[in-house]
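Below is one structure, written out as structure tokens; the observations come after it.
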Amino acid sequence: MKNSPTISPRNDVTWLLTGQLGADQVARTVTIASWPFVIGRSPSVTLTIASPTVSSQHAELRLEDGGLLVRDLGSTNGTFVNGTRVAGEAAVHAGDLLQIAEIVFRVTEQRGYVDCKTIAGDSTDRALAMIQFDKLIAERAVLPHYQPIVEMNSQQTIGFEVLGRSPLFGLKTPHAMFSAAALLDLEGELSRMLRDEGVRSALSLPSNPLVFVNTHPAELEDASLLEKSLRELRAAAPRAALVLEIHEAAATSVPQMRALRQLLTELGMQLAYDDFGAGQARLVELGDAPPDFLKFDIQLVRGIDHASAERQRMLESLVKIVADLGIVSLAEGVETAEEHAVCKGMGFVYGQGFYYGTPASAGTFTTCEARVTPWRL
């Protein structure tokens, strides 16, 4: 064994590990209440992790002069501190990331004794997500998924919406990613990265389909930054048929939407307003700054086959108004054959939802009946 690193004494500190013991579990905080503290797959160790990637006796934590040391116990898949594999043993400090095979913990310390062994809660999930967010951005650790958009009459796939996913614990869904980004005021940067990676992966989709990409409302606060992002996106994918989605609630400034529409036309992109009807249905903006596509919110579509006659007439009237304005209507959240039939009868042009297909990676889709004229520079 190599010589132990020198660590300052901290006899009044209780050490804690925060992390998920499995991908399907909530994050929790475990108190290191005995020494040595052995982590592994075996039920006889101090902290058991039922993962096939973890060795029976994987790693050992111990105190030396009040400081914390970790020693790898000859594991197959390794022990890591802040991404560096431990050869022998290494010092661990508060705030470090301790990785046991694929399982990652945040190491923290607390003065005094912590009476409970395990504490679970949303705060630990958020702490882990914050730590992982830097990794998400630095490594562009996202796995773009694509949900089919179909033509209502034929149910043929004509395009896809790009949806963000990540393999990182605590950041696997868009909600988790943007919740962490909001704490750092980085929603715009995250949105741009998801859009860029989504379009890059979409280049492997068949038949050059429509690709709907999202924005975050924070991006509209800096028009020059959004313009730079879109120009770079077009340069990276000169022939992709791109549609930029703007949340309906963010499309409140007619001059701003007109300027954005002019930019998109220059770049050979199209515009969609998303989640129409989720809040106030902004009919003024539809007339003064019309998009190419209008995506009706899932709350208007869900259960429409069981809805009252008045609600059905209201939705059908909105679809007709949209058609009269020359805007293509799209029903979001279609989940059943009955919802599809009613939406089709109302005049919706396109549909999206689990009834037509669940989000999946680009390689999942081998055929697409897209009838889209590719953009040519």
Side-chain angles (χ1 to χ4, degrees), residues 145-163 198 202 205-214 239-246 248 264 268-278 281 283 286-287 290-360 362 364-375:
H145 278 50
Y146 303 85
Q147 186 169 36
I149 294 173
V150 306
E151 195 272 329
M152 275 285 186
N153 289 327
S154 65
Q155 292 193 47
Q156 292 179 332
T157 299
I158 55 84
F160 299 88
E161 180 180 356
V162 179
L163 301 172
L205 290 167
S207 305
N208 191 37
L210 289 169
V211 178
F212 286 69
V213 293
N214 288 284
R239 288 172 173 77
L242 302 179
V243 182
L244 188 74
E245 294 192 20
I246 303 292
E248 178 257 356
L264 293 175
M269 300 180 185
Q270 294 178 286
L271 176 65
Y273 290 164
D274 190 21
D275 295 331
F276 178 75
L283 297 176
L286 291 183
D292 298 287
F293 304 91
L294 188 67
K295 302 183 76 173
F296 282 70
D297 186 68
I298 187 173
Q299 297 301 326
L300 293 177
V301 174
R302 178 176 291 162
I304 191 62
D305 53 311
H306 299 302
S308 65
E310 291 79 8
R311 180 183 160 195
Q312 290 188 0
R313 281 197 298 269
M314 179 270 295
L315 184 56
E316 187 171 9
S317 296
L318 287 174
V319 173
K320 185 178 185 305
I321 291 172
V322 168
D324 290 343
L325 291 171
I327 301 169
V328 176
S329 57
L330 188 156
E332 290 190 290
V334 178
E335 297 185 350
T336 67
E338 292 76 18
E339 289 175 351
H340 164 79
V342 172
C343 288
K344 176 183 173 182
M346 289 179 173
F348 275 101
V349 180
Y350 292 160
Q352 180 180 352
F354 288 166
Y355 176 65
Y356 311 113
T358 57
T364 304
F365 304 99
T366 57
T367 61
C368 177
E369 301 296 330
R371 297 186 297 275
V372 179
T373 301
W375 166 252

* Side-chain heavy atoms of Glu245 within contact of Asp275, under 4.5 Å -> no
* Asked: Once you round to the nearest 0.5 Å, how far does OG1 of Thr364 lie from OH of Tyr146?
  -> 10.5 Å
* Asked: Do Ser329 and Val349 have side-chain heavy atoms sitting under 4.5 Å apart?
  -> yes
* Using side chain to side chain donor-acceptor pair (under 3.5 Å) as the criterion, point out the one residue from His340, Glu335, Gln147, Gln156 that pairs with Tyr356. => His340
* Please report the C-alpha distance between Tyr355 and Val334 in whole Å, then the side-chain angles of each, then the deciding distance to 0.1 Å, and finally whether the side-chain contact (heavy atoms from CB on, under 4.5 Å) criterion is met. => CA-CA 6 Å; Tyr355 176 65; Val334 178; 4.1 Å; yes
* Asked: What are the two closest heavy atoms between Gly277 and Leu300, and how far apart are they?
  -> CA-CD1, 4.0 Å
* Separation of Glu316 CD from Phe348 CZ (nearest 0.5 Å) -> 10.0 Å
* Asked: So do the side chains of Leu264 and Leu244 get within less than 4.5 Å of each other, counting heavy atoms only?
  -> yes
* To do: State the OG-CD distance between Ser317 and Gln312, to the nearest 0.5 angstrom.
  => 11.5 Å
* Structure fact -> Between Ala272 and Val243, the two heavy atoms sitting closest are CB-CG1, 3.7 Å
* Asked: Roughly how far, to the nearest 0.5 Å, is CE of Met314 from CE of Met346?
  -> 8.5 Å
* Asked: Got Val301 and Cys343 here, is their nearest side-chain heavy-atom distance under 4.5 Å?
  -> yes
* Asked: Rounded to the nearest 0.5 Å, what separation is found between the CG atom of Leu210 and the CG atom of Leu242?
  -> 9.0 Å
* If you take all heavy atoms of Val162 and Gly198, which pair is closest and at what distance? -> CG1-CA, 3.5 Å
* Check: Val322 and Phe296 side chains under 4.5 Å, non-hydrogen atoms -> yes
* Sub-4.5 Å side-chain heavy-atom contact between Phe365 and Leu205 -> yes
* **Gap separating the CD1 atom of Ile149 from the CD atom of Glu332, nearest 0.5 angstrom** => 8.0 Å
* Just wondering, do Leu315 and Arg311 contact through their side chains at under 4.5 Å, heavy atoms? -> no
* **Heavy-atom side-chain contact between Pro359 and Leu163 under 4.5 Å** => yes
* To do: Would you tell me whether Asn214 and Glu161 have side-chain atoms, one donor and one acceptor, within less than 3.5 Å of each other?
  => yes
* Test log, rule side-chain contact (heavy atoms from CB on, under 4.5 Å), inputs Phe276 and Leu318 -> CA-CA 10 Å; Phe276 178 75; Leu318 287 174; 4.3 Å; yes
* To do: Kindly say whether Asp305 contributes a backbone atom to a donor-acceptor pair with the side chain of Glu339 at under 3.5 angstrom?
  => no
* To do: Applying side chain to side chain donor-acceptor pair (under 3.5 Å), name anything that partners Tyr350, two or more places apart in sequence or on another chain.
  => none
